[in-house]
Amino acid sequence: MLPIFEKGGKLGWLHSTADAFDTFLAVPGTVTRKGAHVRDAVDLKRIIILALIAVIPAALFGMWNVGYQHGLAIGDARLNILGNWWFGFLRVLPIYVVAYATGLFIEFGTAQIRNEEVNEGFLMTGFLIPLIIPVTTPLWMVGLATAFSVIFCKEIFGGTGMNIWNPALVARAFLFFSYPNQMSGSQCWIAFKKGETMLDACTGATPLALDGPAQYGTSWWDLFLGTVPGSVGETSVLCILLGAFLLLWTGVGSWKIMAGSVLGALLVGWLGHIGGITEIPAWMQLLYGGFAFGTVFMATDPVTSCQTECGKWLYGLLIGMLCITVRLFNPGYAEGMMLAILFANTMAPLIDHCVVSVHVSRKNKKLKTA
Amino acid sequence: MSDFIVLKKGLDLPVTGAAKPVVCKSIVSRFVAVEPVTLKGFSPRLLVKEGDGVLCGSPVLADKNNPEILMTSPVSGTVKEIVRGEKRKLLAVCIETADKQEAAAFKADASDAASVRKGLLESGLWLQLRQRPYGIIADPSVSPKCIYISSFYTGPLAADSAFCLGNELGAMQAGIDALGKIAPVHIGVCENSVFAGLSGATVHCFKGPHPAGNAGVQISHVCPIAKGDTVWTLSPEGLAAIGKFFLKGKLDLRRKVAVTGPAAIEPAYVEAVPGTPMAEFQSFWGADAEGLRIISGDLLSGRTVGAEGCLGFGDNQVTIIREGTEKEYFGWIRPLRWNQFSTDRAYFSWLMPWRRYNMDTNLHGGKRAFLMNDAYYAKMLPMDIYPIFLVKACLAGDIEKMEKFGIYEVLPEDLALCEFVDPSKNDLQEIIAQGIDLMLKEMA
């Protein structure tokens, strides 16, 4: 680091910022002072960048899908793959710029105030936010929601690692409840250029937002591939599975949470199906809406999920079951994944508390008999 | 053999620089330091002054709280200097060794518990005992539930106790016989151990990666420590010294010391007494100690002593490692990072389990809040404990929770591997040590 940024230097007040760029470029030459003299080569930057790479397929596909849906909606199928992608990229890029600029500004600011190193947690949050909102969300809303979630969901608790709820989902929840008109209905999922309007024959609603038989207009294959309208990154189950594979392979995401969530969803979906509440078979529920994206990238956030192995199963099950329960019993609110995860985030410490208490009392009993 | 316990969790650190099983020299140093600083719970009172003559086994320091606990000189000679630090804290007593070594003669009688205790206290061998919980010096007024000896080391590059003590089985047996008068003795051995044949002790066989050799880990599997329990632990070197004392009536702390580490030149064993200055080990790092870290103990929980320090009281290993002060450009984003070791699958070292790495002391990242969850750390701790819950209870200073989560069972060294793998680069051992200090203060 340049001496001007050192503490006591002329620009010493920018220490955290300079340090962030410095450690971004190079692993610092800091040596261990206490405890273990050698340390594992892994750090949080590495883990977070891996999680981010896992989301990239879904993000790239989402951009293409923005273009593709636009083409469908205006009845113009002339654009090729690259053209569609470029169209989507140009629409999503500003959202990224706004989300990152707002979030990082606040992150750097608070690190500066607290005189700490800048935490890399927002790299992931900022990458997720544009993927879980409709592409038509006005940029000022993106900025506002990001600021709200970074400040009130993260910084007031003490920064990354201390937060209770997944910050990206809090940003989405903020938008959903503050600006419901822009976040639901059939118009928001498709980007238009100025002056364009949707063909009457085409529907822009996500399959879940439609009633009954209209859902069958979308085949499971379309849902699996992701060629349906929806939030930018959430539509393609295939791309999400690619990401899931990377997360599981590297161990960054917990397979127990993912498995628990899928099992929970199948269970409630099956009960709903045989109970006659819905005609959708249970396995189709896994393809709809944000379920896959939430299960793979949101529920597995290590900060806000359960700490204990047993707790992870319960936490996953809770998410899967709640999500489908909301879908089945609340027709006015089609998508339950966001609130299911936020609710499970809230419950995670309680689940852990129960798991650990059971463990402690079992151990005490063993000690007494020994 | 009574039981065979296989531990799956943990890690044998793949680092270069293991000691060749040869004793390359026997060090007789001109100076030897009597250092009380590593003995937790020992507050030293001086019994000698500069210029006094001492014999091997003569008392040099006594504990202020328990004046019968003595720290004795491992060599005979004259007191050369009394080294004090800040606020006149006593750091060491430096003894110049005499050309002809003489040992104080003791009436070592191992016929009953009282005389064994008396012998250990008089000779200073009492300090070989550690009391759990908390890892403090043993309290003579306590009758422990058992005395536990882990006969093998699993730490990084640790000394091979079969090589070090294989020809001292007789002394170890005498030690077990003597200690058996005080409390039942348990001994933890590795597979096919030469120590499995020792009698008079309950033998437990352990198999698994580090920290399987830690006494704390073994105790938690065979005689877990509940609130109010006391267990004394002892190193195999200490056991041999106690045995030799009761056989010959003399104090003999000489031991084989493994000189190891990625930066050590021809790592091998030497013979030395605790308190031997590091200068005597200089041939293992050559002319210049600049840019090297010299540790008494192992890479995970040893103490940095530097080239001017000396071998710690209970240590049988010296580790020499390069300081990792260089920046590594784009380190964390490089896909392979071939020469770095990581347990995390974010890198590929797990595909090459045969490789040994030339590690250095670089922290490999910046300090962060805990981000990964408990299970990430628990895979390094083969105990029935949630490590991060315990660590957070220590951080919060919540005595009740610390008790619940197992503070009685652990010492900082047991969580050393958790600290090694921590991507948030927190000092877990330090946090546990502070928790233990708080317990000692509050429970006193």
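Here is the naming used below: chain letters follow the sequence lines, and residue numbers restart at 1 for every chain.
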So does A:Pro28 get a backbone contact from the side chain of B:Asn362, meaning a donor-acceptor N/O pair under 3.5 Å? yes
Could you pull out the closest heavy-atom pair between A:Cys306 and B:Asn373, with the gap in Å? O-ND2, 3.6 Å
For B:Val421 and A:Asp40, which heavy atoms make the closest approach, and how far apart are they? CA-CB, 3.9 Å
Validation row: B:Glu419, A:Lys34 side chains within 4.5 angstrom (heavy atoms): no
Between chain B and each of A:Arg33, A:His359, A:Lys312, A:Glu117, count heavy-atom pairs under 4.5 Å; write down the option with the most. A:His359
Need one label for A:Ser361: side chain, backbone, both or neither, based on atoms under 4.5 Å from any heavy atom in chain B. neither
Flag yes if more than 12 heavy atoms outside A:Phe343 fall under 6.0 Å of its CZ atom; otherwise flag no. no
A side-chain contact here means heavy atoms from C-beta on lying under 4.5 Å apart; do B:Tyr386 and A:Asp352 qualify? no
Highest number of heavy-atom pairs under 4.5 Å with chain B among A:Pro302, A:Gly251, A:Ala41 belongs to A:Ala41
Based on non-hydrogen pairs under 4.5 Å, which of B:Ala378, B:Ser342, B:Gly366 is most in contact with chain A? B:Ser342
With a 4.5 angstrom heavy-atom cut-off, is it the side chain or the backbone of B:Pro262 that approaches chain A, or both, or neither? neither
Side-chain heavy atoms of A:Lys363 within contact of B:Asp384, under 4.5 Å: yes
Heavy-atom contact with chain A under 4.5 Å, split by part of B:Ile388: side chain
Under a 4.5 Å cut-off applied to non-hydrogen side-chain atoms, are B:Ile321 and A:Val38 in contact? yes
More than 12 heavy atoms of other groups within 6.0 Å of A:Phe157 CZ: yes
For B:Asp374, is there any backbone N or O sitting under 3.5 Å from a side-chain donor or acceptor partner on A:Gln307? yes
Side chain, backbone, both or neither: which part of B:Leu415 has a non-hydrogen atom closer than 4.5 Å to chain A? neither
For chain B, the option from A:Val31, A:Val252, A:Thr250 that forms the most heavy-atom pairs under 4.5 Å: A:Val31
At a 4.5 Å cut-off on heavy atoms, which part of B:Thr319 comes close to chain A: side chain, backbone, both, or neither? neither
Side chain, backbone, both or neither of B:Asn339 within contact of chain A (heavy atoms, under 4.5 Å): neither
In terms of heavy-atom contacts, does NZ of B:Lys401 have more than 12 from other residues, nucleotides or ligands at under 6.0 Å? no
If you count heavy atoms of other groups shown closer than 6.0 angstrom to CZ of A:Phe108, is the number above 12? yes
Here the pair of heavy atoms bringing B:Ala369 nearest to A:Gly161 is CB-CA, 4.3 Å
Please indicate whether B:Trp338 has more than 12 foreign heavy atoms, meaning atoms of other residues, nucleotides or ligands, lying under 6.0 Å from its CH2. no
Less than 4.5 Å to any heavy atom of chain A: does that hold for the side chain of B:Arg322, its backbone, both, or neither? neither
Is the closest side-chain heavy-atom distance between A:Leu367 and B:Lys227 below 4.5 Å? no
If we ignore hydrogens and angles and just use 3.5 Å, is the side chain of B:Arg337 paired with the main-chain N or O of A:Val42 as donor and acceptor? no
Looking only at heavy atoms, which two atoms of B:Arg368 and A:Lys45 are closest? And how far apart? NH2-NZ, 3.8 Å
Look at A:Arg39, A:Glu116, A:Glu309, A:Met162 and state which one has the largest set of heavy-atom pairs under 4.5 Å with chain B. A:Arg39
Can you say whether B:Asp229 sits under 4.5 Å from chain A via the side chain, the backbone, both, or neither, judging by heavy atoms? neither
How far apart are the closest heavy atoms of A:His37 and B:Ile295, and which atoms are they? CG-CD1, 3.5 Å
Is there a donor-acceptor pair closer than 3.5 Å between any side-chain N or O of B:Lys404 and the backbone N or O of A:Val360? no
At what distance, to the nearest 0.5 angstrom, does CD1 of A:Ile48 lie from CG of B:Leu371? 5.5 Å
Side chain, backbone, both or neither: which part of A:Leu50 has a non-hydrogen atom closer than 4.5 Å to chain B? side chain
Using non-hydrogen atoms only, which part of B:Glu328 is less than 4.5 Å away from chain A: side chain, backbone, both, or neither? both
Taking it one step at a time, do B:Arg293 and A:Thr32 satisfy side-chain contact (heavy atoms from CB on, under 4.5 Å)? CA-CA 11 Å; B:Arg293 181 178 295 191; A:Thr32 53; 3.0 Å; yes
Between B:Phe405, B:Phe420, B:Tyr329, the one whose heavy-atom pairs under 4.5 Å with chain A are most numerous: B:Phe420
Let me confirm one number: the CZ-CG distance from B:Phe370 to A:Leu44, rounded to the nearest 0.5 Å. 11.0 Å
Given a strict heavy-atom distance threshold of 4.5 Å, which part of B:Ala375 is in contact with chain A: side chain, backbone, both, or neither? both
